[in-house]
Q: 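Can you keep this structure in mind? I'll have questions shortly.
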Amino acid sequence: MKPVEFKLLFSGPMGAGKTTAISTISDIPPVSTEARNTDLERHGKTHTTVAMDYGEIALPGGEQLRLYGMPGQERFDFMWKISSKGALGVVLLSDNSRPDPLADLAPYIEAFADLAQSAAMVIGINRSNEGTTTLDDYLDWLERRDLRLPVFSVDVRQRDDVLLLLDALLSQIEAHNLLKTFSTSTA
């Protein structure tokens with residue numbers, strides 16, 4: 001019998017920590033498609049993901065979490081839509097040390113809006129102790145967009161922090177499934 005597989009996405013701007021987050025929690029050596037960054041004017045990072053990152057987590061019941069890290073550059077937004085098919089949810093990561101992390105996050109919120117409505121979304125703020133944007137600023141920004149999403153301050157190099165994001169995401173998925181079951185059973 002083939003194990004049950006679940007697909008989760010990691011997305012966000014270039015340099016937000018997607019590759020590191022997947023590397024931190026993957027049970028296998030992650031597959032990475034890092035290449036030299038040719039857009040050093042927009043971001044000083046020397047290498048960037050150009051296709052996707054991939055990792056796995058084996059769950060106790062034999063199920064597999066498949067982790068897909070999306071490229072952060074908006075020119076690859078076509079991959080975001082393709083990868084969203086069949087995904088249970090998305091972890092959006094933000095780099096709080098950037099000059100305007102909320103503006104950086106906006107295209108990802110928009111691109112994954114359908115997934116947030118039909119499945120689950122959680123936001124992790126990496127480097128939250130840098131910059132001037134607070135967690136309350138993120139929550140207020142989301143509320144103005146009529147979104148109520150879990151937002152956490154994380155260090156994507158710390159396994160427990162990344163697992164916290166996955167726990168929150170999986171809890172949302174479970175609650176969403178329970179609500180669907182309840183609404184169909186009472187109809």
Side-chain angles (χ1 to χ4, degrees), residues 5-57 64-128 130-131 133 138 141-142 145 147 149 151-152 154-159 161-162 165-166 169:
E5 300 174 357
F6 302 103
K7 179 180 179 182
L8 300 177
L9 305 180
F10 283 74
S11 192
M14 182 167 54
K18 301 172 296 289
T19 300
T20 302
I22 289 173
S23 296
T24 299
I25 60 170
S26 181
D27 291 340
I28 64 168
V31 176
S32 180
T33 59
E34 293 275 306
R36 290 181 66 77
N37 177 17
T38 58
D39 192 8
L40 291 172
E41 287 180 25
R42 294 190 70 204
H43 202 291
K45 185 179 171 189
T46 61
H47 286 79
T48 187
T49 300
V50 293
M52 72 177 62
D53 296 318
Y54 175 78
E56 296 177 359
I57 298 176
Q64 293 283 322
L65 283 181
R66 308 284 188 207
L67 312 171
Y68 294 87
M70 301 292 91
Q73 305 93 320
E74 288 182 57
R75 69 179 184 252
F76 293 118
D77 65 349
F78 67 93
M79 289 195 56
W80 306 344
K81 297 203 184 304
I82 293 167
S83 298
S84 291
K85 290 183 171 101
L88 291 179
V90 61
V91 173
L92 290 183
L93 293 174
S94 179
D95 177 359
N96 205 53
S97 69
R98 301 270 301 148
D100 192 350
L102 296 172
D104 290 346
L105 199 57
Y108 306 91
I109 292 286
E110 185 176 317
F112 293 101
D114 289 344
L115 192 55
Q117 294 299 322
S118 66
M121 181 184 289
V122 63
I123 298 176
I125 310 305
N126 196 24
R127 299 179 191 96
S128 59
E130 300 177 33
T133 307
Y138 283 92
W141 183 82
L142 289 166
R145 285 157 179 74
L147 294 169
L149 301 171
V151 179
F152 298 94
V154 296
D155 180 340
V156 295
R157 300 167 299 179
Q158 299 300 315
R159 183 174 177 81
D161 284 11
V162 181
L165 294 172
L166 290 186
L169 190 68

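This is a predicted model, so every value here is computed, not measured.
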Q: Closer than 3.5 angstrom, by distance alone: can the side chain of N96 be matched with the main-chain N or O of E130 as a donor-acceptor pair?
A: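 Yes; judged by distance alone, with no hydrogens or angles, the pair exists.
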Q: Just to verify, what does Y108 make a ring-ring contact (aromatic ring centres under 6.0 Å, His included) with, not counting sequence neighbours?
A: W80
Q: Within the structure provided, determine whether T133 and R98 are in side-chain contact (heavy-atom separation under 4.5 Å).
A: no
Q: Check whether any side-chain heavy atom of N126 lies under 4.5 Å from a side-chain heavy atom of T20, and answer yes or no.
A: no
Q: Roughly how far apart are Q64 CD and D27 CG, rounded to 0.5 Å?
A: 7.5 Å
Q: Measuring from atom CE of M121 to atom CG of L92, what distance do you get when rounded to the nearest 0.5 angstrom?
A: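 If I round to the nearest 0.5 Å, the distance is 4.5 Å.
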Q: Do I109 and L142 touch side chain to side chain, with heavy atoms closer than 4.5 Å?
A: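 Yes, side chains in contact.
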Q: Would you say the side chain of I125 lies within less than 4.5 Å of the side chain of V151, judging by non-hydrogen atoms?
A: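 Touching, per the 4.5 Å side-chain cut-off.
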Q: Could you tell me whether the side chain of R159 and the main chain of I25 form a donor-acceptor pair under 3.5 Å?
A: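 Yes, because the side chain of R159 sits within donor-acceptor range (under 3.5 Å) of the backbone of I25.
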Q: To the nearest 0.5 angstrom, please state how far the CD1 atom of I123 sits from the CH2 atom of W141.
A: 6.5 Å
Q: For D155, check salt bridge (Lys or Arg N to Asp or Glu O under 4.0 Å) against everything at least two apart and list the hits.
A: R157
Q: Give the C-alpha distance, both sets of side-chain angles, the deciding distance and a yes or no for side chain to side chain contact (heavy atoms under 4.5 Å, CB included) between D161 and T24.
A: CA-CA 10 Å; D161 284 11; T24 299; over 6 Å; no
Q: Do D53 and P30 touch side chain to side chain, with heavy atoms closer than 4.5 Å?
A: no
Q: Let me confirm one number: the CZ-CG distance from R145 to L102, rounded to the nearest 0.5 Å.
A: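 If we round to the nearest 0.5 Å, R145:CZ and L102:CG are 7.5 Å apart.
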Q: Apply the side-chain contact (heavy atoms from CB on, under 4.5 Å) test between L65 and each candidate in L169, I57, L88; give the one that qualifies.
A: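 Of L169, I57, L88, side-chain contact (heavy atoms from CB on, under 4.5 Å) with L65 is met by I57 alone.
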Q: Test your reading of the model: is there a side-chain donor-acceptor pair from S26 to the backbone of E56, 3.5 Å cut-off?
A: yes
Q: Is there a donor-acceptor pair closer than 3.5 Å between any side-chain N or O of K18 and the backbone N or O of Y68?
A: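 No.
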Q: Kindly give the heavy-atom pair with the smallest separation between L105 and S94, and that separation in Å.
A: CD1-CB, 4.2 Å
Q: Give the minimum heavy-atom separation between M70 and M52, together with the two atoms involved.
A: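 What the structure gives for the nearest pair is CE-CB, 4.2 Å.
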Q: Would a 4.5 Å heavy-atom cut-off, applied to side chains only, mark D104 and D95 as touching?
A: no
Q: Could you check whether any side-chain heavy atom of V91 comes within less than 4.5 Å of a side-chain heavy atom of L166, counting everything from C-beta outward?
A: yes
Q: If you compare all heavy atoms of A21 against all heavy atoms of L93, which two are closest, and at what distance to 0.1 Å?
A: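 Minimum heavy-atom separation between A21 and L93: CB-CD1, 4.1 Å.
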